[in-house]
Asks: 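Please read through the structure below; I'll follow up with questions.
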Amino acid sequence: MQRLIPTGDAARPVAFAEAPQPTPEPGEALIKVEAFAPNRGETFLLERPRQGLLPGKDIAGLVVQAAADGSGPGIGTRVVGHPAQGGWAEYAAVPTHSLAVLTDGIDSVRAAALPLAGITALRLLRTAGSLAGRRVLLTGASGGVGHYVTELAVAAGAELTAVTATPVRGERLADLGARVVHDVTAAQGPFDVVLESTGGTTLPIALSKVRPGGLLVWFGQASRSPVTLDFFELLGVAEGVTIQHFHYAGAPYGPDLAALVGLVERGRLHPEIGRIADWADTADTLVDLRERRIRGKAVLLTGEGR
């Protein structure tokens with residue numbers, strides 16, 4: 001079969017290679033991949049790929065071999081999945097606890113855009129707690145996570161301010177009900193909750209806008225620059241604020257995937273997909289994703305997903 005493997009070349013991060021079809025473990029199903037969605041964090045891993053890296057965590061497709069232990073969906077079932085790796089291929093072995101069945105109304109393109117970004121959004125909002133009537137600041141908001149967080153938080157009753165680099169990257173967020181600004185300094189606090197994913201110089205500024213006793217959830221460092229905090233500068237502007245480090249990972253993913261599928265089916269969640277392309281264009285798409293030239297998610301099609 002064909003699979004995409006790392007090249008170590010920043011200009012062409014992946015290339016096609018012939019590989020054996022994966023052999024599933026007893027608790028894994030074999031999926032014929034129809035569509036997959038790369039994440040910006042994966043583009044960073046591809047700059048200096050570790051030995052044996054097989055990229056790909058967000059897929060949608062068809063079960064062609066059910067799990068030997070009897071768990072999970074049967075042959076012929078359409079699914080969305082979140083494997084640990086190896087999803088950028090014609091076939092992928094996925095633990096059944098990280099699969100969810102797709103309904104007829106959800107195509108593979110929208111399904112593939114759900115896993116990492118959608119699971120992150122769900123778990124991030126659970127960490128933030130009830131948002132009804134609360135003021136929320138979201139930095140780095142124009143990616144897949146940001147669009148999901150915005151739609152779900154606004155629907156939950158939050159008054160949300162989203163920070164994006166440009167007006168174009170904030171258009172859909174405004175449509176979803178966010179107040180959009182293009183520099184964190186322009187965000188008008190105080191905020192009950194800050195969801196911070198940029199790091200660098202942004203986090204200290206965002207922190208200064210949290211109300212006394214409020215919460216800052218730090219879930220990323222998209223700037224790729226470390227954060228420096230000055231104890232004395234925070235006196236009087238961030239009294240009693242809790243800073244909580246957050247990372248989405250932790251199987252099982254199936255229940256959250258099923259929740260996301262249900263939200264899409266009921267019209268309560270709308271994946272923002274900035275590019276749909278054949279997987280022959282994966283290398284170019286990865287570069288554009290890394291350089292923030294794609295708003296929301298990018299989805300690549302292979303096999304029956306074309």
Asks: Test side chain to side chain contact (heavy atoms under 4.5 Å, CB included) on L269 and L114; report intermediate values, then the result.
Replies: CA-CA 10 Å; L269 190 66; L114 289 174; 4.3 Å; yes
Asks: What pair of heavy atoms forms the shortest contact from A158 to V136, and how long is it?
Replies: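 Closest pair (atom of A158, atom of V136, distance): CB-CG2, 4.0 Å.
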Asks: To the nearest 0.5 angstrom, please state how far the CD1 atom of I119 sits from the NE2 atom of H82.
Replies: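 NE2 of H82 is found 5.0 Å from CD1 of I119.
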Asks: Tell me whether E171 contacts the main-chain N or O of A174 through its side chain, where contact means a donor paired with an acceptor under 3.5 Å.
Replies: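 Here the side-chain-to-backbone pair does not exist.
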Asks: Report the distance from atom OG1 of T127 to atom CG of L195, rounding to the nearest 0.5 Å.
Replies: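 Taking OG1 in T127 and CG in L195, the distance rounds to 9.0 Å.
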Asks: List the residues meeting side-chain contact (heavy atoms from CB on, under 4.5 Å) with A10, not counting sequence neighbours, and say none if there are none.
Replies: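 Expected list: R290.
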Asks: Clusters formed by hydrophobic residues whose side-chain heavy atoms approach within less than 4.5 Å: which one holds V101, and what are its other members?
Replies: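 Members other than V101 - counting any ILVMFWY side chain reachable under 4.5 Å - there are none.
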Asks: For F36, give me all partners under ring pair (Phe, Tyr, Trp, His ring centres under 6.0 Å), at least two apart in sequence or on another chain.
Replies: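 Residues passing ring pair (Phe, Tyr, Trp, His ring centres under 6.0 Å) with F36: W88.
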Asks: Just to verify, what does R123 make a salt bridge (Lys or Arg N to Asp or Glu O under 4.0 Å) with, not counting sequence neighbours?
Replies: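 For R123 the salt bridge (Lys or Arg N to Asp or Glu O under 4.0 Å) partners, ignoring immediate neighbours, are D256.
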Asks: Say you draw a straight line from CD1 of I31 to CG of L62; how long is it, rounded to the nearest 0.5 Å?
Replies: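 The CG atom of L62 is 7.5 Å from CD1 of I31, to the nearest 0.5 Å.
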Asks: Is there a path of hydrophobic side-chain contacts, each under 4.5 Å between heavy atoms of I, L, V, M, F, W or Y residues, that connects L53 with V14?
Replies: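 Result: yes, single cluster for both.
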Asks: How about CG on D104, more than 12 heavy atoms from neighbouring residues, nucleotides or ligands closer than 6.0 Å, or not?
Replies: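 It does not: D104 CG has 12 such atoms or fewer within range.
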Asks: CG of L138 to CG of L124: how many Å apart, nearest 0.5 Å?
Replies: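 Going from the CG atom of L138 to the CG atom of L124 covers 8.0 Å.
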Asks: Using the test ring pair (Phe, Tyr, Trp, His ring centres under 6.0 Å), find all partners of F16 that sit at least two apart in sequence or belong to another chain.
Replies: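 Counting only residues at least two positions away or on another chain, F16 forms a ring pair (Phe, Tyr, Trp, His ring centres under 6.0 Å) with W279.
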Asks: Output a table of donor-acceptor pairs, distance under 3.5 Å, between side-chain atoms of residues 232-240 and any protein atom two or more places apart or on a different chain; print 'none' if there are none.
Replies:
from, atom 1, to, atom 2, distance (Å)
E239, OE2, G236, N, 3.0

Asks: Starting from L229, can I reach F191 by hopping between I/L/V/M/F/W/Y residues whose side chains sit under 4.5 Å apart?
Replies: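 Both belong to a single hydrophobic cluster.
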Asks: Do V264 and L116 sit in the same hydrophobic cluster, where Ile, Leu, Val, Met, Phe, Trp and Tyr count as joined when their side-chain heavy atoms come under 4.5 Å apart?
Replies: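 Linked, V264 and L116 end up in one cluster.
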Asks: Check whether any side-chain N or O of S223 sits under 3.5 Å from a backbone N or O of T198 as a donor-acceptor pair, and report yes or no.
Replies: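 The answer is yes, because a donor-acceptor pair under 3.5 Å joins these two groups.
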Asks: For R275, which of L300, D288, V299 qualifies under side-chain contact (heavy atoms from CB on, under 4.5 Å)?
Replies: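 Among the candidates, only D288 passes.
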Asks: How close do A60 and S108 get, counting heavy atoms only, and between which atoms?
Replies: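 The pair with the smallest heavy-atom distance is CB-O, 3.6 Å.
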Asks: Please check if the number of heavy atoms outside Q188 that lie under 6.0 Å from its CD is greater than 12.
Replies: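 No, the 6.0 Å shell around CD holds no more than 12 heavy atoms from other groups.
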Asks: Nearest 0.5 angstrom please: E196 CD to L216 CG, how far?
Replies: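 Output value for this atom pair is 6.5 Å.
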Asks: Check whether K297 reaches the backbone of E272 with its side chain - one donor and one acceptor, N or O, closer than 3.5 Å.
Replies: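 Such a contact is absent between K297 side chain and E272 backbone.
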Asks: What's in the same ILVMFWY side-chain cluster as Y91, cut-off under 4.5 Å, chained through other members?
Replies: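 Cluster partners of Y91: M1, L30, V64.
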Asks: Judged by atom type as modelled, is there a donor-acceptor pair below 3.5 Å linking the side chain of R169 to the main-chain atoms of R292?
Replies: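 Pair found, side chain donor or acceptor close to backbone of R292.
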Asks: Do you know the tightest heavy-atom contact between G86 and A92?
Replies: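 The pair with the smallest heavy-atom distance is O-CB, 3.8 Å.
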Asks: Within the structure provided, determine whether L257 and L99 are in side-chain contact (heavy-atom separation under 4.5 Å).
Replies: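 No. Closest side-chain heavy atoms not under 4.5 Å.
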Asks: Using a 6.0 Å cut-off, check whether atom CZ of R50 has over 12 heavy atoms from anything other than its own residue.
Replies: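 Enclosed.
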Asks: Looking at every non-hydrogen atom in both residues, tell me the closest pair between P38 and A298 and how far apart they are.
Replies: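 It is CD-O, 3.4 Å.
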Asks: Judged by atom type as modelled, is there a donor-acceptor pair below 3.5 Å linking the side chain of E90 to the main-chain atoms of Q2?
Replies: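 Between the backbone of Q2 and the side chain of E90 there is a qualifying donor-acceptor contact (under 3.5 Å).
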Asks: Can you see which heavy atom on P55 is nearest to which on L46, and at what distance?
Replies: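 The pair with the smallest heavy-atom distance is CG-CD2, 4.2 Å.
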Asks: May I have the list of side-chain donor-acceptor pairs in residues 145-155 shorter than 3.5 Å, sequence neighbours left out?
Replies:
from, atom 1, to, atom 2, distance (Å)
H147, ND1, S142, O, 3.4
H147, ND1, G143, O, 2.9
Y148, OH, A113, O, 2.9
T150, OG1, G146, O, 2.8
E151, OE1, H270, N, 2.9
E151, OE2, H270, ND1, 2.6

Asks: With sequence neighbours excluded, what pairs up with R110 under the salt bridge (Lys or Arg N to Asp or Glu O under 4.0 Å) test?
Replies: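 Here the qualifying residues are D107.
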Asks: Should I273 and L176 be counted in the same cluster of Ile, Leu, Val, Met, Phe, Trp and Tyr side chains packed under 4.5 Å apart?
Replies: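 No; tracing contacts between hydrophobic side chains, which count when under 4.5 Å, never links both residues.
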Asks: Can you name the closest pair of heavy atoms from V33 and A89 and give their distance?
Replies: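 It is CB-O, 3.2 Å.
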Asks: Applying the 4.5 Å side-chain criterion to the ILVMFWY set and letting contacts propagate, would I205 and L215 be lumped into a single cluster?
Replies: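 I205 and L215: separate clusters.
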Asks: So, does H182 use its side chain to make a donor-acceptor pair with the main chain of A165 at under 3.5 Å?
Replies: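 A pair under 3.5 Å: no.
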Asks: Could you walk me through whether L137 and V184 pass the side chain to side chain contact (heavy atoms under 4.5 Å, CB included) check?
Replies: CA-CA 9 Å; L137 175 63; V184 69; 4.3 Å; yes
Asks: So, do R12 and D284 sit near enough that their side-chain heavy atoms are less than 4.5 Å apart?
Replies: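 Yes, at least one pair of side-chain atoms sits under 4.5 Å.
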Asks: Remaining members of I294's ILVMFWY cluster at a side-chain heavy-atom cut-off under 4.5 Å?
Replies: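 For the cluster that includes I294, the remaining residues are L289.
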Asks: Does the side chain to side chain contact (heavy atoms under 4.5 Å, CB included) test come out yes or no for V194 and L207, once each step is laid out?
Replies: CA-CA 8 Å; V194 170; L207 182 61; over 6 Å; no
Asks: Quick check for you: to the nearest 0.5 Å, what is the distance between W218 atom CH2 and L203 atom CG?
Replies: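 It is 6.0 Å, given to the nearest 0.5 Å.
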Asks: Taking everything shown except R293 itself, do over 12 heavy atoms lie less than 6.0 Å from its CZ?
Replies: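 Yes.
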Asks: Suppose the criterion is salt bridge (Lys or Arg N to Asp or Glu O under 4.0 Å): which pairs have a residue in residues 208-220, not counting sequence neighbours?
Replies: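 Salt bridge (Lys or Arg N to Asp or Glu O under 4.0 Å) check on residues 208-220 returns D192-R211.
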Asks: Show me the pairs that pass salt bridge (Lys or Arg N to Asp or Glu O under 4.0 Å) and involve residues 175-187, at least two apart or across chains.
Replies: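 Listed by first then second residue: nothing to list.
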